[in-house]
Amino acid sequence: MSEQNPEQHTISTHVEEMNELMKRRREELEELKRQNINPYPYEFSQTNFSQDIISQYKDESPQQSVSVAGRIMSIRRMGKASFCHVQDSHGKIQVYLKKDEIGDSYETFRLLDIGDIIGVEGYVFRTKMGEISIHAKRFELLSKSLRPLPIVKEKVDEQGNKHIFDPLSDKELRYRQRYVDLIVNQGVKEVFIKRTKIMNTIRKFFDTRGYLEVETPILQPMYGGAFARPFITHHNALDIDLYLRIADELYLKRLIVGGFDAVYEFSKDFRNEGMDRSHNPEFTMLELYVAFKDYRWMMDLVEQMVSAVAHDVNGSMKCKVGGNEIDFTPPWKRVTMFDAIKEFTGKNLRSTTEEDVKINMKELHLEIEPGMSWGSMIDEIFSEFVEPNLIQPTFITDYPIEMSPLAKRHRSEQGLVERFEVIVNAHELCNAFSELNDPLDQRFRFEEQMKLKDKGDEEAQVLDEDYLRALEYGMPPTAGLGIGIDRLTMLLTNQDSIRDVLFFPQMKPEH
RNA sequence: GCGCCCAUGGCUCAACUGGUAGAGCAGCUGACUCUUAAUCAGCGGGUUGUAGGUUCGAGUCCUACUGGGCGCACCA
């Protein structure tokens, strides 16, 4: 039955689910076919973009012929002449069609709707009311739309301010049907274009320094490089379970062992955890590893890179995020974790015992959960009392060793590792350390993690024997970095939900 | 996972303490060959997320479910 003529499908299925608006459009589709107009032709030679036409128009110049293609976003019919706005990938332009000019096809235009995609050929002119428009000589239907689009109207007032009326605001519809959101909501595209620009700028920044972009496995026989519960899948032919990566860290460092000086990857990572404004089950992490460098060097690099990206994307080192203005101009403040805690709690916890910290936790009214180590309590105090206060980009350095099984012991501070995070707008933006390359210490740290795992910590890391084998061959001193691309995009585009920087955020099934 | 809030025509929203659903835009018919949130005249469109319950009567109250939002937890 696969040879059925598509013609026979047109009004067949799902008629009962259709409302009158959709039925009406199918009737128009039939009418177009009856008139021998192909509602879905194969190509159109589009030579101009709406925005270029508008920005390049000069009243004195001779008539310019143009050809644009896009979606009809509004129609104003006045008997034998009509105006409509056509939206292409760059913007919108008004089109003027009159019967004297386009003849019989004016009747075809009567069968068109908001949402239909057309191609228009004509010349550019300015209307009496002052809007640069296209006087159509000819138009062609390029795709008939069968569903009514949400109608968003806008008005530009005398001061040139745009007023949007009834924007499509239903978040569920916007996320589930992002295509509709992109069509009708101005500005949504901009966020995603910026997202790509951010990644391109980072790529350029690294490439000019000779760092190699690489790809490593997403399906891993063993997961590692972060604290998180993984997604599990199954390979039928091998009959083994595989994990979707939670990080690519251990693979990139294997490549450093293999002799690359610097490798990076934009890594789609997957973590089987709760979802909220800053967490999507799949997200994008940039990881970079550079041989013969340490975390101090990495701080300078991060400062340069992020400020370059901010400037490239927004044309300024400063950007508005919520109610704050964030200034990415280097140098950023650098403060150790313990100095930061002292600054915001008045407590010096650097040379304390586990018992001392417990007393301080109580004084600060924080709950002590069973099995909390010295390091995890310090971390808790930090996230409660320090992090919320850090708005401008700030390097927090030198973390407790328990929280960082892949980071190198601090060269001079007992119980700490050489690690930093950058906090911006009260959230972690990146995480970096001098990488642990002592294979014996790494084995010891993995074993500590395994003990936690045995105690029921589902997020403790697992011992990776092959990774240890790689380290045993010798890894040079290395600096490593991870940056959440989604969160960086949120910052630079002033979006407060990760769903607004992902085209298709994870949603529960519709029905 | 827990708590709070939300769900009404294609879209944006209304409907006082429960009285049997209304507007704007979009759509349709007609008028209009420089309009622009076009205008003018007329018309149609809803088993109010789903399933139960209370009531003479439920969009409105109750219960469960589904989906969404926010917060908390989890989140290295």
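Just so it is clear, the structure is predicted and the values come from calculations on it, not from any experiment. Just the heavy atoms: all of them, side chains too, but no hydrogens, waters or symmetry mates, feed the values below. Letters go in sequence order (proteins before strands), and every chain restarts at 1.
For A37(B), the base is stacked against the aromatic ring of Phe165(A), per a cut-off of 5.5 Å between centres and 30° between planes.
Looking only at atom types and distance, the side chain of Glu101(A) has a donor-acceptor partner in the side chain of His135(A) under 3.5 Å away. A donor-acceptor contact closer than 3.5 angstrom is absent between the side chains of Asp52(A) and Asn48(A).
Among U12(B), C34(B), C75(B), the nucleotide with an atom closest to any side-chain atom of His279(A) is C75(B). Closest approach to the Met129(A) side chain among A26(B), U36(B), U33(B) is made by U36(B) (side chain taken as heavy atoms from C-beta onward). Closest to the side chain of Ser133(A), out of U35(B), C74(B), G69(B), is U35(B). Distances were taken from every side-chain heavy atom of Thr127(A) (C-beta onward) to each of U36(B), C25(B), G10(B); the shortest belongs to U36(B). Here the side chain of Glu131(A) is nearest to one of U35(B), U33(B), C34(B), namely U35(B). You'll find that the side chain of Asp276(A) is closest to C74(B), out of C70(B), C74(B), C34(B).
The phosphate of G67(B) has OP1 or OP2 within less than 4.0 Å of a side-chain N or O from Lys508(A). Phosphate proximity of A26(B) to Arg24(A): absent, as no side-chain N or O sits under 4.0 Å from OP1 or OP2. Between Asn431(A) and A76(B), a side-chain N or O to OP1/OP2 separation shorter than 4.0 Å is absent.
Side-chain to base pairing of Glu421(A) with A76(B): one donor and one acceptor N or O lie within less than 3.5 Å of each other. Within 3.5 Å, a donor on the side chain of Arg419(A) pairs with an acceptor on the base of A76(B), or the reverse.
A7(B): Watson-Crick or G-U partner is U66(B), with both key distances under 3.5 Å. Across all strands shown, G59(B) remains unpaired; no Watson-Crick or G-U wobble contact has both distances below 3.5 Å.
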